[in-house]
Amino acid sequence: MSSTRQSPLVSALSLGALAVLLVAASSPVWWVSLTAPNYPPEAFPDGIRIHFSFNGVSNGCTTAPQTSRVAQETIQEDLGWRTEGGEAPKEDAAPQKDLVQLDCMHEMNTINHYVGMHPMGVGAPVERLLGKFIIAFFGVMLLGFAVPWARARTWTLGAGFAAVAGWMLLDLYALGHLSAFATEFVGEAGQYFRDPARIEAWASNVRLATGVMVAVLLGAMVFMIVGSVKWPRFQLVLGLVPAGLPLFFVGSFAAWLWFFGHNLHPWGAFTLKPFMPTVFGDGKVAQFTTHSYPHYGFGLLLLASVMMIAAVARRRWELHDEAGEKPLSPTAHPQGPTTPLGPPATAAGPKA
């Protein structure tokens, strides 16, 4: 059997994908924007735009041009414009230099409220709470895949997963961030929906689902270590699973869009039938045109995925080469030495 070690190319691709993944973890991955006649581009140059990332949802709007007439007319409290003193500028005041960007998070929640949708803070609570730990989990897998020696790989996975598990348990339970997040979730869910008992039940479900997901992550860590010890080819799993992260993100994003579109409440001023919001491309909801497209963070995820697929393919070829046998010599025979007159002789001698 040949002795083909893991090539430096495999390790380089894995470490490169890890670096790209760490940048993507703090980058906007997807963006959604709403445009309508009552939100003119002079005042809302980006429409009502929000960004989605592993950490949650954030404002995606920039500041409207201060020199436009419409922008000056829309400097109001409910549009998110502020001055340092907290007072709205006078009608004849000159454009302020300290105005902040439009608060499109507030605008999006207001629009959702009109059609009976939940506020955005209700969506993907477990994913937002555990996103950093899931990224760290994948990062340890990539680091383990990059290590070319089996024993060192096992120690790397053990130490890395132990650090992630300790960080996760400390952050969620010892420091109380899970309880604080549940309290914040209650506040977000109760912006328009006045049913404290039901909302508290939702918060309990968030705590329960988080606990289940923590157990799943801990079990997956143990499985990855045991698999790497028992099966040499299990190394390929360490690289292949993180390569599917773009699919995981889009799947979760689409599932939560479905939840928002199919769980409308009667508080809305307008009644809509349940619908599936647009995941990719342009759509239409009432008088709004929706735009939903990947951000540069998703491009980083795709780059890391391509690098890992290439690394896994290369390593699979190397493992296949290691398992291949050397070709037989012309005089060799699997059953014994060849005799001049016929088939090879056996230990019992030729048959009569």
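Position 1 is the first residue of the sequence, and the numbers go up from there. Heavy atoms only: backbone and side chains are in, while hydrogens, waters and symmetry mates are out.
Taking every heavy atom of both residues into account, P119 and N109 meet most closely at CA-OD1, 3.4 Å. Shown here for M141 and P242, the closest heavy-atom pair between the two residues is CE-CD, 3.9 Å. A pairwise comparison of heavy atoms in Q235 and F145 identifies O-CD1, 3.0 Å as the closest pair.
With hydrogens and angles ignored, the 3.5 Å screen pairs no side-chain donor or acceptor of R153 with any backbone N or O of A146. Within the 3.5 Å criterion, the main-chain N or O of M120 finds no donor-acceptor partner in the side chain of N112. Formation of a donor-acceptor pair under 3.5 Å by the Q287 side chain with backbone atoms of A36 is not found in this model. No donor-acceptor distance shorter than 3.5 angstrom exists from the side chain of R314 to the backbone of L13, with no hydrogens or angles considered. Counting only distance, with no hydrogens or angles, the side chain of T290 and the backbone of L34 share no donor-acceptor pair below 3.5 Å. A donor-acceptor pair under 3.5 Å is formed between the side chain of S14 and the backbone N or O of V10. Looking at S305, its side chain never comes within 3.5 Å of a backbone N or O of L301 through a donor-acceptor pair. Checking side-chain atoms of D171 against main-chain N and O of W167 turns up no donor-acceptor pair under 3.5 Å. Here the side chain of N59 pairs a donor or acceptor atom with the backbone of C104 at under 3.5 angstrom. A donor-acceptor pair is defined here as one N or O able to donate and one able to accept, closer than 3.5 Å; no such pair exists between the side chain of T154 and the backbone of S228.
Between D195 and R198 a salt bridge is recorded (basic side-chain N to carboxylate O distance below 4.0 Å). Using a cutoff of 4.0 Å between basic side-chain nitrogens and carboxylate oxygens, E318 and R233 are not scored as salt-bridged.
Within the 4.5 Å cutoff, side-chain heavy atoms of F259 are placed close to those of H118. Residues V32 and L257 form no side-chain contact, since every pair of their non-hydrogen atoms from C-beta on lies 4.5 Å or further apart. Contact check for P246 versus F298: side-chain heavy atoms found under the 4.5 Å cut-off. V312 places none of its side-chain heavy atoms less than 4.5 Å from the side chain of L238. Using a 4.5 Å heavy-atom threshold, the side chains of R5 and P148 count as separate. Residues H113 and Q191 have side chains not in contact (no heavy-atom distance under 4.5 Å, counting atoms from C-beta outward). Within the 4.5 Å cutoff, no side-chain heavy atoms of F253 are placed close to those of W258. Inter-residue side-chain proximity for L300 and Y296 is flagged as met; some heavy-atom pair is nearer than 4.5 Å.
Ring planes of W31 and Y293: tilted class, angle from 30 to 60°.
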- Message: side chain to side chain contact (heavy atoms under 4.5 Å, CB included) for I111 and Y39? Distances and angles first, verdict last.
- Response: CA-CA 12 Å; I111 294 170; Y39 291 99; 4.0 Å; yes
Test log, rule ring pair (Phe, Tyr, Trp, His ring centres under 6.0 Å), inputs F137 and F161: CA-CA 7 Å; F137 172 76; F161 286 146; 5.4 Å; yes
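Here the CE-OG1 distance, from M105 to T110, works out to 11.5 Å after rounding to the nearest 0.5 Å.
A side-chain donor from one of H291 and T35 sits under 3.5 Å from a side-chain acceptor of the other. Side-chain contact, W256 with E127: a donor N or O sits under 3.5 Å from an acceptor N or O.
Around CH2 of W231, the count of heavy atoms belonging to other residues, nucleotides or ligands within 6.0 Å exceeds 12. Environment of NZ in K230: sparse, with no more than 12 heavy atoms of neighbouring residues, nucleotides or ligands closer than 6.0 Å. For W149, the CH2 atom is loosely surrounded, since the number of other residues' heavy atoms within 6.0 Å does not exceed 12.
Under the 4.5 Å side-chain heavy-atom criterion for ILVMFWY residues, no single connected hydrophobic cluster contains both V306 and L247.
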